[in-house]
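From a predicted model like this one, the values you see are computed outputs, not experimental measurements.
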Amino acid sequence: MDSRRPPLAPVCRTLPQYVRYWAEATPDRRAFTFVDHPTPDSRGVHRTLTWRRLDLRVRALAARIAEEAAPGERVALLCPQGTEYVTGFLAVLAAALVAVPLYPPGLPGHADRLAGVLADARPTAVVTTSHVLEEVRDFCDRVGGSGARPRIIAADQVPDDAAGDWPPDAPDDGGTAYLQYTSGSTRAPAGVEISHANVVANARQALTAYGADRQPVTCVGWLPLYHDMGLVLSIAAPVVRGLLSVLMDPAAFLHQPVRWLRLLAVHPRAVSAAPNFAYDYCASAVTEEQKSGLRLDGVTALINGSEPVRPATADRFHAAFADQGLSPDTHCPSYGLAEATVFVSAARPGEPLRRFALDRDALAAGKALPARMDDTGALLLAGCGTPAGQRVRIADPATGALLPEGEIGEIRVQGPNVGRGYWRRQEHSRRVFGAEFTDSTAAPGRWLRTGDLGTVLDGQLVVTGRLKDLIIVDGRNHYPQDVETTVQDAHPAVRRDRLAAFAVPGAVGERVVVVAEHARSLALTDVDVPALARVVRAAVSTRHGLRLADVVLVPPGTVPRTSSGKVARTLTRARYLEGAYGGERPAEVAGGVPGAAE
């Protein structure tokens, strides 16, 4: 292992400047390693770039891209996961162009979103690799319409000598570095303009929060690099601090989750991030034989974000790998969003998981009142720690008033990491990025409206749900992820984290529907659906006081998800109202369909 410590990071204004610095200060240290798994039984083929090599490839590719696009124009990244994605992204920034992190057309289930984002971003050029070059070219030809087709560049076909004497003048740190398209869980994807200063600031904030600013760590990740958490934690943060980043393909993790754990085991002081489902997946799918010889006592931090963090998941994961030396104090529930680059708040490594048992009736009224930990009717939530280098406040969604601790409202954020706005959406940008509190003396300035609901308890940010997803029945608030947890716990045939609860209009007010996938291990014909519906309805009625108007069981892969893997409730609701899931809906629900469009 290369254990030489990087020197303290300088203060640079852009990521390409950091690359240049590390290439001169520590040219032979490893910068990025991509671990490929070409066969099902592969233990991994490592491909590594040193800082010197990374700098050369970035400069060569930047010079080539600059021949095809002028400063300020958009360049889409349609690369597979790998080192070419890293060099392509950094090269676009070095050329003072605007990167659009995306994915190749072959990513299952995301072709429509890719076409929509390309139409919105209007890239002048596309960076890909020779492996998917024809696929990318064909896709761009199909979706290009009557407009000019973007020029396509295969990163791995650009020779080293293209670098010449590049770079020219460094890009302005106030300019847009890239468009981070939102996942589209509650609306059509929108491109958040992230400046060079935003991404550098957010990388520093994340490094501080996870202790990587004080000691050398290794960033280990399988999250897709087009996703904001993967981009910042696997590219931006390592570049700012001069750390080794070890990458693998998300598909390689899904096929064999132990591969991720093996990389954590062999790299000292590993820091990694994954959504909540990944920890449950590892706990259930990694076998005792695969655990043999696995040592996880060197892991520094395991970040849990991108979807609601469940304390029970953290408990299952750490119980599953306690014999491998994994400390429960490594689990770091975190909160963030694309509009804030990504990172907002996080629990710190080395601290025990903070748990909050909250009274459900009080939550329905907008209050976070404590309940007993052993109260089966309480809602158990994880604390998402505190911000680093930014400010978080809670606002009344209706009045904009600043709320005190324990009151539930919209989470608002202010800091140098908050993006510039939405690409080509000025009015929407003003509404989301320009919020002010009614008491401007208590919280002066402009704030980012996150659209997320939460509160602050004992100094910890506690996230309760999405404002747009909130189910309101008879004047009471219900959080869909809370209802979904009850449903998936009620019957083993319900596939975990692959279901959506939402409200639809009825004859006498809102009615609640659940669309759930059945477990992959079962066929739909193996399930007694009416019996499952009765069990689910009884559980939801007992725990939430809600009557479900419909329970629909669908095959695996049917409930739509966003690009980051979260269930897209709004799209599921729309498809349900369109009748896409078949069956006969109750009259009280069907009667409300004509006015159901959002």
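- Side-chain N or O atoms of Ser245 include none that pairs as donor or acceptor with a backbone N or O of Phe32 at under 3.5 Å.
- The 12-atom threshold is not exceeded at CZ of Arg122, counting heavy atoms of other residues, nucleotides or ligands nearer than 6.0 Å.
- Under the 4.5 Å side-chain criterion, counting only non-hydrogen atoms from C-beta, Pro224 is in contact with His227.
- Looking at Arg149 and Asp141, a side-chain N of the basic residue comes within less than 4.0 Å of a carboxylate O on the acidic one, giving a salt bridge.
- Two rings, from Tyr178 and Trp423, have their centers 6.0 Å or more apart.
- The main-chain N or O of Leu225 is found under 3.5 Å from a side-chain atom of Gln81 such that the two form a donor-acceptor pair.
- The shortest side-chain heavy-atom distance between Val286 and Gln256 does not fall under the 4.5 Å cut-off.
- Taking both residues in full, the closest heavy atoms of Cys332 and Pro349 are given as SG-N, 3.5 Å, listed atom of the first, atom of the second, then distance.
- Although no hydrogens or angles enter the test, the distance criterion places a donor-acceptor pair under 3.5 Å between the side chain of Glu517 and the main chain of Val559.
- Checking side-chain atoms of Lys291 against main-chain N and O of Asp323 turns up no donor-acceptor pair under 3.5 Å.
- Nearest heavy atom pair, residue Ala69 against residue Leu97, reads CB-CD2, 3.7 Å.
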inquiry  = Could you walk me through whether Val240 and Leu15 satisfy the side chain to side chain contact (heavy atoms under 4.5 Å, CB included) test, starting with their C-alpha distance in whole Å, then the side-chain angles of each, then the deciding distance to 0.1 Å, before giving a yes or no?
reply    = CA-CA 7 Å; Val240 167; Leu15 295 182; 3.8 Å; yes

message = Apply side chain to side chain contact (heavy atoms under 4.5 Å, CB included) to residues Leu461 and Val463 and explain how you reach the verdict.
response = CA-CA 6 Å; Leu461 178 65; Val463 183; 4.3 Å; yes

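- Judged purely by atom type and a 3.5 angstrom limit, Thr48 has no side-chain atom pairing as donor or acceptor with the backbone of His46.
- No donor-acceptor contact under 3.5 angstrom links the side chains of Gln180 and Tyr226, judged on distance only.
- For Gln390 (side chain) and Ala340 (main-chain N/O), no donor-acceptor pair under 3.5 Å exists by modelled atom type.
- Inter-residue side-chain proximity for Leu264 and Leu302 is flagged as met; some heavy-atom pair is nearer than 4.5 Å.
- Results of the salt bridge (charged side-chain N to carboxylate O under 4.0 Å, His left out) test with Asp160 over Arg59, Arg52, Arg64, Arg53 single out Arg53 as the only residue that passes.
- For the residue pair Asp280 / Thr313, a side-chain donor-acceptor distance below 3.5 Å is found, with atom types taken as modelled.
- Residues Val220 and Trp260 form a side-chain contact, since some pair of their non-hydrogen atoms from C-beta on lies under 4.5 Å apart.
- In terms of modelled atom types and a separation under 3.5 Å, the side chain of Ser345 and the main chain of Thr386 share a donor-acceptor contact.
- Looking only at side-chain heavy atoms (C-beta outward), Arg295 and Val266 stay at 4.5 Å or farther from each other.
- Within the 4.5 Å cutoff, the side chain of Val92 has no heavy atoms near those of the Val98 side chain.
- Looking at heavy atoms from C-beta onward, Val246 lies out of side-chain contact with Cys219 at the 4.5 angstrom threshold.
- When all heavy atoms of Val239 and Trp51 are compared, the pair lying nearest together is CA-CH2, 3.8 Å.
- Note on ring orientation: taking the six-membered ring where Trp is involved, the planes of His318 and His331 are perpendicular (angle over 60°, cut-offs 30° and 60°).
- Proximity of the aromatic rings of Phe317 and Phe321 is defined here by a centroid distance below 6.0 angstrom, and this criterion is met.
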task = Could you give me the CA-CA distance, side-chain angles and deciding distance for Glu351 and Arg348, then say whether salt bridge (charged side-chain N to carboxylate O under 4.0 Å, His left out) is met?
result = CA-CA 6 Å; Glu351 298 178 358; Arg348 304 305 193 254; over 6 Å; no

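- Under 3.5 Å, the side chains of Arg496 and Tyr281 contain no donor-acceptor pair of N or O atoms.
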side-chain hydrogen bond (donor to acceptor under 3.5 Å, both in side chains) between Asp156 and Thr129, intermediate numbers included = CA-CA 6 Å; Asp156 52 330; Thr129 66; 5.0 Å; no

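- Here the side chains of Tyr210 and Ile303 are in contact, with some heavy-atom distance below 4.5 Å.
- Of all the heavy atoms in Val126 and Cys140, the pair that sits closest is CG2-SG, 4.3 Å.
- Shown here for Arg57 and Ala155, the closest heavy-atom pair between the two residues is NH2-O, 3.0 Å.
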Derivation and outcome, side chain to side chain contact (heavy atoms under 4.5 Å, CB included), residues Thr182 and Val192 = CA-CA 7 Å; Thr182 58; Val192 182; 3.9 Å; yes

key: Criterion side chain to side chain contact (heavy atoms under 4.5 Å, CB included) on Arg310 and Asp497, from CA distance to verdict   = CA-CA 11 Å; Arg310 298 192 178 105; Asp497 299 318; 2.6 Å; yes

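- Side-chain atoms of Arg47 do not come within 3.5 Å of backbone N or O of Gly82 as any donor-acceptor pair.
- A cation-pi arrangement is absent between Arg204 and Phe343 under the rule of less than 6.0 angstrom and at most 45 degrees off the ring axis.
- Side-chain N or O atoms of Arg13 include none that pairs as donor or acceptor with a backbone N or O of Asp172 at under 3.5 Å.
- Remark: side-chain polar atoms of Gln157 are not paired, donor with acceptor, to backbone N or O of Ser130 under 3.5 angstrom.
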Without placing hydrogens or testing angles, list every side-chain donor-acceptor pair under 3.5 Å for residues 193-201, not counting sequence neighbours.
residue : atom : partner : partner atom : Å
Glu193  : OE1  : Thr176  : OG1          : 3.0
Ser195  : OG   : Ala197  : N            : 3.4
Ser195  : OG   : Asn198  : N            : 2.9
Ser195  : OG   : Asn198  : OD1          : 3.1
Ser195  : OG   : Asn198  : ND2          : 3.4
Asn198  : OD1  : Ser195  : N            : 2.9
Asn198  : ND2  : Pro416  : O            : 2.8
Asn198  : ND2  : Val418  : O            : 3.2

